[in-house]
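To keep things clear, I will list the structure first and then write my remarks on it.
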Protein chains: 2
Amino acid sequence: MSITIQDIAKEAQVSISTVSRVINKSKTVSPELQKRVEEVIKKNDFKPNSLARGLITNQTNIIGIIVPDISNPVFGALTKGINSVCEQKNYTLMVCESGGKQEKEIELLKILGDKKIDGVLFAGVDVNPTLIDGMKKNEFPVVLVTQEASGGEEILYTVVHDNIRATYDAVSFLIENNHKKIAFIGGPENDYSSGQKRMKGFQLALKENELVVPDSYIEHGDFTFDSGYNCMKRIYEENLVLPTAVMVCNDVMAIGAIRFLKSAQVSVPDDISILGFDDSEIGKYFTPELSTVRISYFDEGVKAAKTLFKLMSKKNTTIPKTQFVPHKIIRRNSVRRI
Amino acid sequence: MSITIQDIAKEAQVSISTVSRVINKSKTVSPELQKRVEEVIKKNDFKPNSLARGLITNQTNIIGIIVPDISNPVFGALTKGINSVCEQKNYTLMVCESGGKQEKEIELLKILGDKKIDGVLFAGVDVNPTLIDGMKKNEFPVVLVTQEASGGEEILYTVVHDNIRATYDAVSFLIENNHKKIAFIGGPENDYSSGQKRMKGFQLALKENELVVPDSYIEHGDFTFDSGYNCMKRIYEENLVLPTAVMVCNDVMAIGAIRFLKSAQVSVPDDISILGFDDSEIGKYFTPELSTVRISYFDEGVKAAKTLFKLMSKKNTTIPKTQFVPHKIIRRNSVRRI
DNA sequence: TTGTATGCGTTATCAG
DNA sequence: CTGATAACGCATACAA
């Protein structure tokens, strides 16, 4: 068994309350005892049992995150960002994987609850009203990250990158480079943040520049290499007039698209420019080096975690319901000016 | 405040011990009461407070993992594997990042200890005697994963892939394809498992086939794209007779090496074959598609976690100190027979 | 089979 | 400023 506060008290010849006080820095203890106790603590390398402490303080110094897939680099970076702020707050992180299943998400919320974690960062796939209701019942604060609530925003605290704006900026960048015939390979249509919103940004940019493209220029993939390949293939086969540029909603699909174009003897960027999204490591090493929209999921994690800590501290600083994390267009070789 | 066992007891009109018994399935409770209590529990969606429970049972149903960098896909996959077995055992996972710093690793071990986790999976960078001593003091079992202890193996339970054997097999594969002039781009020389051992495997394969290569065929990188590029560059510049194949100790470096060769107008695989290591996603999408050694870090995580659970259960089944996870040569286009 | 009482290691409340 | 002592929510030895 490990050493307890009692052992320390005995060895320092004080009461356990005194020991507790020096641990928690209640200034009401004489310097002399303070020092004596601290020495005994240091000597025995004593740390209070967090379970016992948590039982009474109702605080565990643990926060949880729920992500669909921890092996996805996006969530890896996100987790790293979150963890970096946990460290400086003396918190540890409990990581849960939902596989994107709503049932599982609800179950995990419950498990984390009975583990008495102090708060949760939630990266869901579809944060719909059912889920929102579930969250409202929790005794701990939740902040959404990466994905907004689809039914009624502004209900839960949320930290995301501005998908509409990012895609709008990306397409505007293509337009600035004189592209007019711009195709679009997006995410799943039922994906609220990364699917629908990016699509919206694309349309917005076209509209503002009074550009119109045929429906056959628009395809929806599922963020995989293969879907990028296939979407590009369909665009290529179904259009007599090819686009001069394609906005692709993530880098892996963009690389799939380029692979198809290579096989069809279409040169990137000479014949067609390709713009990706995410700035994953893969794009940097690719030939041609991929132009993309950089999203820092690390920063997103940091901001979300900071928001959660503010919420937990309950100091009534007003926190905006939705916060955005900046994005940046990264210009490399897969896009050319025409 | 959340609902407690007392509330359930009151509502079901029994004592709290009875409630406790049905929760813990002590068969000594009458079917009638059993049912009554279960209904009340279900109705209130009650789950016992894990802190209070842990305080008594000395078991939290939490295990911890310590990794250098959670955003590294290798550790992402590892974590996913570990988590998959946690799920089926009703455990949750606490993830800690060490940044590869020994100090931090020791600190994390202590933090996890006072959180009363039931066991730890440890993916260190250099598991030396100092660290091993620290681990011996813990009240919880530790299993090493990904990396063996450098000073004296067979001390701690360990689950790794067989780096020597994997590289040996990889180089043998090159030799089977008639390559005799084989260069080597390895990891850092002070990296015990992934650096030194892979090097050893390389040498072993050469020796067994009575092959000798000049020292200038051997370079050490640090697993980054740039180091792969530079190592290849040095090999290219310092040798009048170029190798026909290069064994590169991870895929990212392999891609860096190929990038250099491209810039030097050397064709892969026509002039030089390249064999990578890891089978990261990136290699599959690359042109030429990268031949590599597949290591399933997911499986490694699974096996390590299972080992840890065996250790925690304390049933004295004999567990081998070191267990290996299989590897596989993946044949794609970057290697050709000559 | 069931209920009562004690203790797990802390913090918090209250006297002294 | 310091020390008893009661909680926190649960499991368990013991009593009934």
Side-chain angles (χ1 to χ4, degrees), chain A residues 1-38 40-41 44-62 90 110-111 113-118 139-140, chain B residues 1-38 40-41 44-62 90 110-111 113-118 139-140:
Chain A
M1 288 300 15
S2 52
I3 186 166
T4 77
I5 199 174
Q6 304 243 27
D7 304 320
I8 302 296
K10 197 182 293 174
E11 190 170 335
Q13 313 210 51
V14 295
S15 73
I16 57 170
S17 337
T18 302
V19 177
S20 178
R21 286 191 188 100
V22 340
I23 290 172
N24 298 295
K25 308 196 197 312
S26 315
K27 288 296 167 203
T28 65
V29 47
S30 72
E32 186 198 0
L33 285 192
Q34 165 112 8
K35 195 182 163 198
R36 203 161 83 212
V37 171
E38 272 171 352
V40 178
I41 287 181
N44 295 64
D45 201 18
F46 167 74
K47 275 215 172 194
N49 180 325
S50 336
L51 296 182
R53 170 181 265 179
L55 193 54
I56 190 161
T57 59
N58 242 323
Q59 186 187 319
T60 50
N61 278 39
I62 301 174
N90 264 90
K110 182 121 192 75
I111 291 177
D114 83 76
K115 294 247 190 270
K116 302 298 167 193
I117 46 79
D118 298 338
E139 317 171 50
F140 48 82
Chain B
M1 287 302 11
S2 51
I3 186 167
T4 78
I5 200 174
Q6 305 243 26
D7 304 321
I8 302 295
K10 198 182 292 173
E11 189 170 333
Q13 314 210 51
V14 294
S15 73
I16 59 168
S17 6
T18 301
V19 178
S20 177
R21 287 190 189 101
V22 340
I23 291 172
N24 298 297
K25 309 197 195 313
S26 316
K27 288 297 167 203
T28 65
V29 49
S30 70
E32 185 197 358
L33 285 191
Q34 165 111 9
K35 194 180 164 199
R36 203 159 87 212
V37 172
E38 272 171 353
V40 178
I41 287 180
N44 295 63
D45 202 17
F46 168 75
K47 274 214 173 194
N49 180 325
S50 332
L51 296 183
R53 170 180 265 182
L55 196 52
I56 291 186
T57 58
N58 241 323
Q59 185 187 322
T60 50
N61 278 41
I62 301 174
N90 263 89
K110 180 122 194 75
I111 291 177
D114 84 75
K115 294 246 191 272
K116 302 299 165 192
I117 45 79
D118 298 338
E139 316 172 52
F140 48 82

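A, B, ... follow the sequence lines: proteins, then strands. Residue 1 opens every chain.
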Any donor-acceptor pair under 3.5 Å joining the side chain of B/Ser17 to the base of C/dT4? yes
Counting the atoms with a prime plus P, OP1 and OP2 as sugar-phosphate, which does A/Thr57 contact under 4.0 Å by heavy atoms, base, sugar-phosphate, or nothing? sugar-phosphate
Please give, in whole Å, the distance from C/dG9 P to B/Leu51 CG? 15 Å
Under the 3.5 angstrom rule, does the side chain of A/Asn49 hit a backbone N or O of A/Leu51 as a donor-acceptor pair? yes
Just by distance, do the side chain of B/Asn90 and the backbone of B/Asn61 share a donor-acceptor pair under 3.5 Å? no
Whole-Å distance separating the CG atom of A/Asn58 from the C1' atom of C/dT10: 13 Å
Quick check against the 3.5 Å criterion: does B/Lys110 have a side-chain atom that pairs as donor or acceptor with the backbone of A/Asp45? yes
How many whole angstroms separate atom CD1 of A/Ile5 from atom P of C/dA12? 11 Å
Between B/Ile56 (CD1) and C/dG9 (C1'), how many Å, whole number? 11 Å
For the atom pair CD1 (B/Ile111) and CD1 (B/Ile117), what is the distance rounded to the nearest 0.5 Å? 11.5 Å
In whole angstrom, what separates B/Ile16's CD1 from C/dG3's C1'? 9 Å
Of D/dT2, C/dG3, D/dA11, the nucleotide closest to the side chain of B/Ser15 is C/dG3
note: A/Arg36, atom CZ; D/dC1, atom C1'; distance rounded to Å ~ 13 Å
Length of the CZ-P vector between A/Arg21 and D/dG3, whole Å: 8 Å
Does D/dA11 have OP1 or OP2 sitting under 4.0 Å from an N or O in the side chain of B/Asn24? yes
Side-chain N or O of A/Arg53 closer than 4.0 Å to phosphate OP1/OP2 of C/dT11: yes
If only atom types and distance count, is the side chain of B/Thr60 paired as donor or acceptor with the main-chain N or O of B/Lys116 below 3.5 Å? yes
Under 4.0 Å between any heavy atoms, over every strand shown, what does B/Ile23 touch: base, sugar-phosphate, or nothing? Just pick one. nothing
Please state how far atom CD in A/Glu32 lies from atom P in D/dT2, giving the value in whole angstrom units. 8 Å
Under 4.0 angstrom between A/Ser30 side-chain N/O and D/dT2 OP1 or OP2: yes
On DNA chain C, nearest-nucleotide positions of B/Leu55 versus B/Val14: which is more 5'? B/Val14
